[in-house]
Amino acid sequence: MTATSPTPETSATPPAPAPASAAALHAPVIEWFDTHARDLPWRRPEAGAWGVMVSEFMLQQTPVSRVLPVYEAWLARWPRPADLAKEPPGEAVRAWGRLGYPRRALRLHGAAQAITERYGGDVPSEHAQLISLPGIGEYTAAAVASFAYGQRHAVLDTNVRRVFARAVTGVQFPPNATTAAERKLARSLLPPDEPTAARWAAASMELGALVCTAKGEECVRCPIADRCAWRLAGKPAHDGPARRGQTYAGTDRQVRGKLLAVLREALTPVPQEALDAVWDEPVQRARALDGLVADGLVEPMENGVYRLPLS
DNA sequence: TACTCGTGGAG
DNA sequence: TCTCCAAGAGT
């Protein structure tokens, strides 16, 4: 059922009047998704809302391939929010392993506690309730509501932003930070009905992840290449401000990572000397450790001994 | 708004 | 080797 009629009927008021080209994008992208979507564990029905939510936390700034094994172990150990909530936060940090950005583990633990206390242990379905949880922002709230509950939301992640930038706006890359114009565009492109909107969200994201990537687009595999604004314009090069690279070597982040790695792998509290061994510059080392303590990722004990947080 | 916050695989 | 970057959130 290819929707070739770009103009809406003269009936009542649809949720959002889409641009003439909007409806023409839905069918090909969703049909492509039907045959090319990856079989990911959090997309299976048995994952449930908790599985979807855990996956979204882990996938923030982290590739699928690295998330997969940690996700499986996490869900096996904590199949429900209440199972995680009753554990010390340090156990979440430890199980997080080397996924990176360990504050996400702390926030996921805090979200599980809030879900257990405020929502009887069930992941809430309302966007406003989701976004009130620690670690859940605009994107993740929309993603959980859409993927787990089939609701109609603009799910605007980096993949979708790139697809829209190219296919609709006609530029190679989206702006550095999400703009109001992008949100408005995403809303205007949403299919009117709920199930199609949810499908569209997953499909447009998958297209950006597999075909229309940051490294290089593969237009020969793209279901909407024939109507892509950027491609039709001759693929003009990105002109805006250079997207600043993320230097890492020598930063506090690197030191924090080394310190926390020691604590993750230790079965007993760690003496100061063991932490001092990971970085030779004392001022930066102390600043990094203070930061970890301030974030609640590390708990100082007496006599300069440290451990992952018990509370 | 711009910056911080980990990690490791790919080209 | 070095650069880029992978489903963001919080401040």
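Here the structure is a predicted model, which is why all the values come from computation and not from measurement. Chain identifiers are assigned alphabetically (A, B, ...) following the order of the sequence lines, protein sequences preceding nucleic acid strands; residue numbering begins at 1 within each chain. Side chains are part of it too, since the values below use all heavy atoms of this structure and drop only hydrogens, waters and symmetry mates.
Side chains of A:Arg253 and A:Tyr101: a donor on one and an acceptor on the other come within 3.5 Å. A side-chain donor from one of A:Arg118 and A:Ser132 sits under 3.5 Å from a side-chain acceptor of the other. Checking A:Thr62 against A:Arg104 by side-chain atom types alone, a donor-acceptor pair falls below 3.5 Å. With 3.5 Å as the limit, one finds no donor-acceptor pair spanning the side chains of A:Tyr139 and A:Gln60. For the 3.5 Å distance criterion, the side chains of A:Gln284 and A:Trp279 qualify, holding a donor opposite an acceptor.
Applying the salt bridge (charged side-chain N to carboxylate O under 4.0 Å, His left out) test between A:Arg285 and each of A:Asp252, A:Asp276, A:Asp280 identifies A:Asp276 as the sole match.
Rounded to whole angstrom, the span from the OH atom of A:Tyr248 across to the C1' atom of C:dA6 amounts to 15 Å. Regarding A:Leu207, its CG atom lies at a distance of 14 Å from the C1' atom of C:dA7, rounded to whole Å. One can place CD1 of A:Ile131 at 8 Å from P of C:dA9, the figure rounded to the nearest angstrom. Rounded to whole Å, the distance from CG on A:Leu130 to C1' on C:dA9 is 15 Å. Here C:dA7 presents its P atom at 19 Å from CD1 of A:Ile136, a figure rounded to the nearest Å. With rounding to whole Å, A:Met58 atom CE is found 15 Å from B:dG8 atom P. Taking atom CD of A:Gln60 as the reference point, atom C1' of C:dG8 lies 5 Å away to the nearest angstrom. Atom P of nucleotide B:dT4 and atom CG of A:Asn176 are separated by 14 Å, given to the nearest angstrom.
Contact check, A:Tyr101 against C:dA9: no side-chain N or O comes under 4.0 Å of OP1 or OP2. Listed pair A:Gln61 / C:dA6 fails the phosphate criterion, with no side-chain N or O lying under 4.0 Å from OP1 or OP2.
Heavy-atom distances under 4.0 Å link DNA chain C to A:Leu40, A:Trp42, A:Arg43, A:Glu56 of residues 39-57 of chain A, given in residue order.
The side chain of A:Arg107 approaches C:dG10 more closely than any other nucleotide in the set C:dG10, C:dG8, B:dC5. Closest approach to the A:Arg103 side chain among C:dG8, C:dG10, B:dC5 is made by B:dC5 (side chain taken as heavy atoms from C-beta onward). When distances are taken from the side chain of A:Tyr139 to each of C:dA6, C:dA9, B:dC5, the shortest belongs to C:dA9. Residue A:Asn159 places its side chain closer to C:dA6 than to any other of B:dG6, B:dG8, C:dA6. Minimum atom distance to the side chain of A:Arg264 is reached by B:dT7, of the listed C:dA9, C:dA7, B:dT7. The side chain of A:Met205 lies closest to C:dA7, out of B:dG6, C:dA9, C:dA7. Side-chain proximity of A:Arg98 to B:dG8, C:dA7, B:dC5: nearest is B:dG8.
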> Given A:Arg43 and A:Glu206, is the salt bridge (charged side-chain N to carboxylate O under 4.0 Å, His left out) satisfied, shown in steps?
Replying inline: CA-CA 12 Å; A:Arg43 285 178 176 166; A:Glu206 189 79 337; 2.7 Å; yes
>> Go through it in stages, so that I can follow the logic: the residues are A:Trp96 and A:Trp74, the test is ring pair (Phe, Tyr, Trp, His ring centres under 6.0 Å), and I'd like the CA-CA distance, side-chain angles, deciding distance and then a yes or no.
In response: CA-CA 8 Å; A:Trp96 197 254; A:Trp74 193 282; 5.7 Å; yes
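Ion pairing between a basic and an acidic side chain is recognised when a charged N comes within 4.0 Å of a carboxylate O; A:Arg80 and A:Asp83 show such pairing.
Distance check: A:Arg162 CZ to A:Ser204 OG gives 11.5 Å after rounding to the nearest 0.5 Å.
Comparing A:Thr178 and A:Ala261 by the nucleotide of DNA chain B that holds the closest heavy atom to each, the one mapping nearer the 5' end is A:Thr178.
Residue-level contact check: A:Ala214 touches the backbone only, with heavy atoms under 4.0 Å from sugar-phosphate atoms and none from bases. Note on A:Thr62: a base of the nucleic acid sits closer than 4.0 angstrom, heavy atoms only. Here A:Gly137 lies in heavy-atom contact (under 4.0 Å) with sugar-phosphate atoms only. A:Leu99 comes within contact range of at least one nucleobase, with a heavy-atom separation under 4.0 Å.
The cationic atom of A:Arg166 (NZ for Lys, CZ for Arg) lies less than 6.0 Å from the six-membered ring centre of A:Phe173 and within 45° of the ring axis.
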Nucleotide N/O to protein N/O under 3.5 Å, stretch nucleotides 9-11 of chain B:
none

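For the P atom pair drawn from C:dA7 and B:dG11, the interatomic distance equals 15 Å after rounding to whole Å. The gap from the P atom of C:dA9 to that of B:dG8 amounts to 23 Å, rounded to the nearest Å.
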